[in-house]
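Report on the following structure.
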Amino acid sequence: MVKRLILVLGDQLSETLSALREADKATDLIVMAEVLDETGYVPHHPKKIALVLSAMRHFAQRLQEDGWQVAYTRLDDPEASKSIVGELMRRGQAHDTSRVIATRPGEWRLIEALENAPLSVTLLPDDRFVCSLDEFDAWAEGRKELRMEWFYREMRRKTGLMMEGDKPAGGKWNFDHDNRKPASDDMLRSRPMRFTPDAVTEEVLDLVEARFSDNFGTLRPFHFAVTRADALRALDHFARHLLAGFGDYQDAMLENDRFLHHSLLSAYLNLGLLGPLEICERIEAEWRDGKVPVNAAEGYVRQVIGWREYVRGIYFREGPDYPARNVLGHSRDLPPMYWGAQTDMNCIAHAVGQTRDEAYAHHIQRLMVTGNFALLAGIDPHQVHEWYLSVYIDAYEWVEAPNTVGMSQFADGGIIASKPYVSSGNYIARMSDYCGGCAYSVKDKTGERACPFNLLFWHFMDRHRDRFAGNPRMAQMYRTWDRMTDDRKAAVLDGAERFLSRMEAGESV
Ligand code: FAD
Ligand code: DLZ
Ligand code: SF4
């Protein structure tokens, strides 16, 4: 007889999951379900759906081999209902129980669905993070500003990572200043590790091809790891071959190198195949063994125990309305070029084209190309949020929404970012080789060929003057704007308006 149902969601594929630790192999039934509500709440990239479903199937197989009873629902099961709660009710009726143990999901939508289900659901904390939500709230309480840097230092002290006694390794908490080098094409640079799909993955790929071919994104070739063992291989490969250059080239972008020194581990971390501490311990070991410089190891550890934990704390602290925020009142529709339509902007074409092919773009592409453009052009941040949630292999709301709505679009009014991440084309020209092959000229500040980022940057600054003029970090920019002649200002603003009108009219820009 089954006593309780143990829910394991698609991004909870960790053997140490709190719900599994609570479960009893002899009497409890694990419920895992591929359901339409989860595959369809946004039009996920086909690679993302394939990754989640294949990793779920492999994880279920492993649990069964380990002696667990698992009720697994496949997407094409004719008996299946379309939601997680529907599947729990169906399994509960079949086994005459309404008791459910679950680890708290990473999205308010599902938390609310479980809390309101006509079942007796116990939600356990998701403790696959360095910082619990209570600990984050205690850190945040009473602070005027929730700056990541202060939070990150707490996490360094707490974990002892990259510490020498009570001092930060190398004498500085943050080596970001060293991490802004542009990269050049290097034929000898290693590539991220690729995995050949096994029979389980091939079956999932056929299913995704049959059902989700209308979604934006290329399904094959598919080379992601779908098991913990392979994810650990990917970590090892990154640590040995790519980590050393991570710091220096973290912000660089190249047309012909989509991955540079990035790890591509976010998908595995967010699914639960890898844990944040084991990754950081491995990274730290490379530095302690003298194999990588301190700026590389510190830079990497900061992203994982700093940014990743911090954005999660903000998402849950701010509540379910966070993804709907729009303090700048932006309302333009996301233009079709985000879904692959033709654009003359080479940087956007590359960032979007790579996103279509790989379900991946690195942080600076997300922040300073697609994110920067959306913010400058005044796109509705909710549409921007749904785009990021759809198209990236690692996108789950708890991590995507604070990055998009907060960091990238400033739609939360500055909880995450102390100033908006906006720049003219100069930044992209400095950090990438995109501008050389562009129909626009990054050197032109006005006129027909002027880079749209140059025009829109000042349009943004001008239209949000009331909000930002008092921000000391933006004062220099306003002084530059104020020094321009009225004619020049008018030429910039007219150029920006003409560009936005053409874009709104559906013209290719
Ligand atoms: P690397 O560059 O190798 O970085 C190492 C690890 O640090 C990543 O694997 C990731 O786990 C962590 N990390 C780095 N930056 C962040 C960050 N800002 N927030 C959280 N974790 C971070 N990351 C996601 O995991 N899911 C998302 O849906 C997501 N959406 C984003 C949307 C926008 C608009 C922006 C600007 C950033 C977003 N990020 C998101 C953060 C970051 O871009 C990705 O974590 C990173 O690009 C993943 O690639 P990687 O594993 O090669 O990372
Ligand atoms: C992303 C995703 C997808 C595509 N499909 C499933 C699924 O069929 N079943 C499931 O349990 N989880 C899936 N997921 C992950 C969930 O959407 C994720 O658990 C929530 O967004 C909370 O983070
Ligand atoms: Fe992008 Fe402007 Fe450079 Fe073209 S010129 S690639 S639009 S930054």
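One-based numbering, in listed order, for ligands and for the atoms of each.
The protein atom (non-hydrogen) at minimum distance from atom 3 (O) of ligand 1 is S263 OG, 2.7 Å. When only non-hydrogen protein atoms are considered, atom 10 (C) of ligand 1 lies nearest to S266 CB, 4.0 Å. Atom 17 (O) of ligand 2 has its closest protein heavy atom at E38 OE1, 2.7 Å. The protein heavy-atom contact nearest to atom 41 (C) of ligand 1 is H363 ND1, 3.6 Å. The protein non-hydrogen atom at the shortest distance from atom 23 (N) of ligand 1 is V399 CG2, 3.8 Å. Residue, atom and distance of the protein heavy atom nearest to atom 2 (O) of ligand 1 are H262 ND1, 2.7 Å. Looking from atom 18 (N) of ligand 1 to the surrounding protein, the closest heavy atom is N403 OD1, 2.9 Å. For atom 29 (C) of ligand 1, the nearest protein heavy atom (residue, atom name, distance) is R366 NH1, 3.3 Å. Regarding atom 9 (N) of ligand 2, its nearest protein heavy-atom neighbour is A33 O, 2.8 Å. Atom 21 (O) of ligand 2 has E107 OE1, 2.8 Å as its closest protein atom, hydrogens excluded (heavy atom only). Considering only non-hydrogen protein atoms, atom 15 (N) of ligand 1 sits nearest to Q303 OE1, 3.4 Å.
When heavy-atom distances to ligand 1 are checked against a 4.0 Å cut-off, M407 comes that close only through its side chain, counted from C-beta outward. At a 4.0 Å heavy-atom cut-off, ligand 1 does not touch Y392 at all. The proximity of H44 to ligand 2, defined as any non-hydrogen pair under 4.0 Å, is limited to the side chain. At a heavy-atom distance under 4.0 Å, only side-chain atoms of F246, from C-beta outward, approach ligand 1.
Those atoms of ligand 1 with a heavy atom of V304 less than 4.0 angstrom away are 6 (C), 7 (O). The contact set between ligand 2 and L110, taken as ligand atoms under 4.0 Å from a residue heavy atom, comprises 20 (C). The ligand atoms of ligand 1 that sit less than 4.0 angstrom from a heavy atom of L367 are 36 (C). Those atoms of ligand 2 with a heavy atom of I84 less than 4.0 angstrom away are 11 (O). Atoms of ligand 1 found under 4.0 Å from any heavy atom of R308 (numbered from 1 in listed order, with element): 11 (O), 20 (C), 21 (N).
At least one N/O-N/O distance between D11 and ligand 2 falls below 3.5 Å. The distance criterion of under 3.5 Å between nitrogen or oxygen atoms is not met by L269 with respect to ligand 1. Polar contact with ligand 2: present for Y41 (N/O pair, distance under 3.5 Å). Residue K48 has no nitrogen or oxygen atom sitting less than 3.5 Å from a nitrogen or oxygen atom of ligand 2, judged on distance alone. Between N270 and ligand 1, at least one pair of N/O atoms sits closer than 3.5 Å. An N or O contact shorter than 3.5 Å links G10 to ligand 2 by distance. Below 3.5 Å of separation, one finds no N or O of Y396 facing any N or O of ligand 2. Taking distance alone, with nitrogen or oxygen atoms compared against 3.5 Å, V35 approaches ligand 2 more closely than that limit.
Listed by first and then second residue, the ring pair (Phe, Tyr, Trp, His ring centres under 6.0 Å) pairs involving residues 412-438 are H350-Y434 (not counting sequence neighbours).
Paired with W398 under the rule ring pair (Phe, Tyr, Trp, His ring centres under 6.0 Å), one option of Y315, F316, F129 passes, and it is F129.
Looking at K47, its side chain does come within 3.5 Å of a backbone N or O of T218 through a donor-acceptor pair. With hydrogens and angles disregarded, a donor-acceptor distance shorter than 3.5 Å links the side chain of D380 to the backbone of H382.
Taking a 6.0 Å sphere around CG of D214, one finds it holds 12 or fewer heavy atoms contributed by other residues, nucleotides or ligands. Few gaps surround CZ on R282; more than 12 heavy atoms of other groups in view lie less than 6.0 Å from it.
A donor-acceptor contact under 3.5 angstrom links the side chains of Q342 and S508, judged on distance only.
Ligand 2 lies out of reach of W398, whose nearest heavy atom is not under 4.0 Å from it. Assignment of Y360 to the shell around ligand 1 is supported, since a heavy atom sits closer than 4.0 Å. Using a 4.0 Å cutoff on heavy atoms, Y388 counts as a contact of ligand 1. Using a non-hydrogen distance threshold of 4.0 Å, M32 does not register as a contact of ligand 2. The closest approach between a heavy atom of A361 and any atom of ligand 1 is below 4.0 Å.
Summarising the contacts of atom 2 (C) of ligand 2 with L389, L36, V52, the nearest heavy atom is found in V52.
Ion pairing between R109 and E397 fails under the 4.0 Å rule for side-chain N and carboxylate O.
For atom 3 (Fe) of ligand 3, the count of nearby protein N, O or S atoms, meaning those under 2.8 Å away, is 1.
To the nearest 0.5 Å, the span separating CE on M345 from SG on C435 amounts to 12.0 Å.
Relative to the six-membered ring of Y396, K48 meets both conditions, a distance below 6.0 Å and an angle of at most 45° to the axis.
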